[in-house]
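Structure record follows, encoded as structure tokens.
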Amino acid sequence: MASRFPHLRHDFAASLVVFLVALPLCLGVAVASGVPAELGLVTGIVGGIVTGLMRGSSLQVSGPAAGMTVLVFEAVHEFGLPALGVIVLLAGLLQIVLGALRWGRWFRAISVSVVEGMLAGIGLVIIAGQVYAAAGVEAPASGLGKIAGLPGAIVEVAGSGTALLSLAVGAGTIGVMVLWQRMPERVRTVPGALAAVVLATAATQLLSLPLATVEVDGLLDAVQPPGLDAFGRLGDIALLGTVLAFALIASAESLFSAAAVDRLHDGPRTRYDQELIAQGTGNTVCGLLGALPMTAVIVRSSANVQAGARTKASRVMHGVWLLLFATLLPATLGLIPLAALAGVLVHAGWKLIPFRAVVSLWRAHRGEALILVVTAVSIVAVNMFEGVLIGLALSVAKAAWDASHIRLNVVDPGTGPVLAQLTGNATFLRLPKILDTLEALPHDRPVELDLSGLHHLDHACRTALENWSERHSATLAAAEARPPEPSAL
């Protein structure tokens with residue numbers, strides 16, 4: 001056995017660690033997305049067994065992600081739970097097509113500031129929404145409404161003993177997860193999220209606290225494949241836009257995660273097009289089962305690498321453990337307080353906000369920092385899809401600005417030729433400014449136009465500069481041919 005499967009011992013141990021990390025996150029993401037908790041486990045199972053068996057990235061782990069929570073919640077709220085399967089199915093098929101067309105590598109061209117801004121915006125919305133969930137009160141629908149409604153929610157919670165108790169359990173869950181990182185290494189072999197949920201569940205049951213818990217219907221009962229009536233909404237432009245958003249955002253998050261995981265190990269590198277096909281296949285299966293969309297998740301993936309995984313067997317086995325748990329111990333889920341899962345999601349949302357990246361970007365590249373902040377604020381103020389589009393538009397605008405950056409330095413000694421030096425990138429975007437400066441130079445003196453410092457000169461600028469040069473030479477020749485005016489006596 002050891003000779004046929006030399007890495008089985010390492011992969012088996014890693015799969016148990018990933019299972020323990022994935023379990024509370026699968027449940028928490030599902031509840032925060034407004035769907036039955038079991039659907040989060042279904043997506044985790046498919047991500048482990050189906051996507052895990054496919055080629056692409058050998059060590060990264062897929063499942064329901066906090067980064068998709070806001071988009072899924074909005075989709076369920078607008079189109080209903082039956083339509084979720086159709087959206088995820090079509091998004092998966094689109095991912096497969098993009099991978100087959102070898103577009104996977106192009107997702108790496110998306111500005112990192114936009115991706116980090118997207119994650120920051122999602123993190124803010126998750127935190128705001130799960131504060132309501134931790135207190136057991138209903139949250140407003142929009143991201144801006146969640147944040148604006150916090151003062152009123154605080155007043156409401158202050159007058160309710162049950163709400164304060166629920167909020168305390170959520171805060172305690174976060175506290176355990178934060179302090180768990182300072183525990184001895186031996187203790188930290190148990191993931192902090194799992195330890196926090198187990199402790200919160202034990203306290204709730206032992207003290208008979210009157211808190212809402214996870215509703216359990218059973219794995220098979222929760223799986224609801226989309227019916228024919230759900231496919232009847234394919235003519236809805238808004239639904240198709242959501243499909244596009246699911247596909248693009250899930251793909252970008254997965255492939256950025258792959259790039260990060262590749263930096264954590266020395267094994268085979270990710271094949272991006274095949275990984276995109278694998279993600280699309282997993283999402284297609286999830287759509288057929290009516291489950292949540294999946295992405296590759298950096299938290300589970302890094303836990304897999306750090307636990308010593310050597311092959312993709314570890315992520316497949318983690319999916320098997322999720323399946324066995326959901327099949328054999330479903331009643332256990334009904335003991336978990338919702339406030340504890342809300343605490344897990346608040347902690348996950350906080351980790352999505354790249355505080356250090358914002359500070360370092362502001363010091364070195366303020367334009368990129370601005371894109372990050374505007375993307376995050378747009379997601380909170382408008383919605384997920386439009387916020388990302390705003391970030392992409394700003395990124396393209398900044399790239400155009402940088403590409404057209406040019407400097408025109410004029411050296412005028414007072415007599416003789418005037419030296420005009422162009423450095424940078426001469427494009428049509430800066431052509432008016434260039435021509436205004438050149439046309440303001442003396443018309444009766446030679447001008448030496450130095451283009452040696454240009455990195456790029458587009459056709460529009462080349463033509464305009466040639467025309468200016470001809471006009472200036474003609475004007476100068478006419479001035480020199482004109483007889484000198486007689487001097488006054």
_Just to verify, what does Glu116 make a salt bridge (charged side-chain N to carboxylate O under 4.0 Å, His left out) with, not counting sequence neighbours?_
none
_Qualifying residues under ring pair (Phe, Tyr, Trp, His ring centres under 6.0 Å), relative to Trp362, sequence neighbours excluded_ = none
*Is a side-chain donor or acceptor of Asn283 paired with a backbone partner of Met294 at a separation under 3.5 angstrom?*
yes
*Qualifying residues under side chain to side chain contact (heavy atoms under 4.5 Å, CB included), relative to Val243, sequence neighbours excluded*: Ile87, Leu90, Ala91, Leu239
*asked:* Check whether Asn304 reaches the backbone of Ala309 with its side chain - one donor and one acceptor, N or O, closer than 3.5 Å.
replied: no
_Holding to salt bridge (charged side-chain N to carboxylate O under 4.0 Å, His left out), I want the full list of residues that pass it with Lys146, two or more places apart in sequence or in another chain._
none
*Apply side chain to side chain donor-acceptor pair (under 3.5 Å) to Thr311 and list each qualifying residue two or more places apart in sequence or on a separate chain.*
Asp11
*Let me know which of Val29, Val76, Thr43 forms a side-chain contact (heavy atoms from CB on, under 4.5 Å) with Val35.*
Val76
_Going by the rule salt bridge (charged side-chain N to carboxylate O under 4.0 Å, His left out), which residues pair with Asp236 if we only count those two or more places apart in sequence or in a different chain?_
Arg233
_Where at least one partner belongs to residues 381-398, residue pairs that pass salt bridge (charged side-chain N to carboxylate O under 4.0 Å, His left out), sequence neighbours excluded_ = Glu368-Lys398, Lys398-Asp402
*Say whether, by atom type as modelled, one donor and one acceptor occur between the side chain of Arg102 and the main chain of Ala100 under 3.5 angstrom.*
no
*Any salt bridge (charged side-chain N to carboxylate O under 4.0 Å, His left out) pairs touching residues 307-323, not counting sequence neighbours?*
none
*Kindly say whether the aromatic ring centers of Phe355 and Trp350 come within a distance under 6.0 Å.*
yes
*Among all residues two or more places apart in sequence or in another chain, which pass the ring pair (Phe, Tyr, Trp, His ring centres under 6.0 Å) test with Phe12?*
Trp321
*Among all residues two or more places apart in sequence or in another chain, which pass the side chain to side chain contact (heavy atoms under 4.5 Å, CB included) test with Ala135?*
Val137, Val157, Leu167
*Report the residues that fulfil side chain to side chain donor-acceptor pair (under 3.5 Å) with Gln60, sequence neighbours left out, ordered by chain and then residue number.*
Ser257, Glu275
_Donor-acceptor check, side chain of Gln224 to backbone of Asp221, threshold 3.5 angstrom: yes or no?_
yes
*side chain to side chain contact (heavy atoms under 4.5 Å, CB included) partners for Val305, two or more places apart*: Leu59, Val261, Leu264, His265
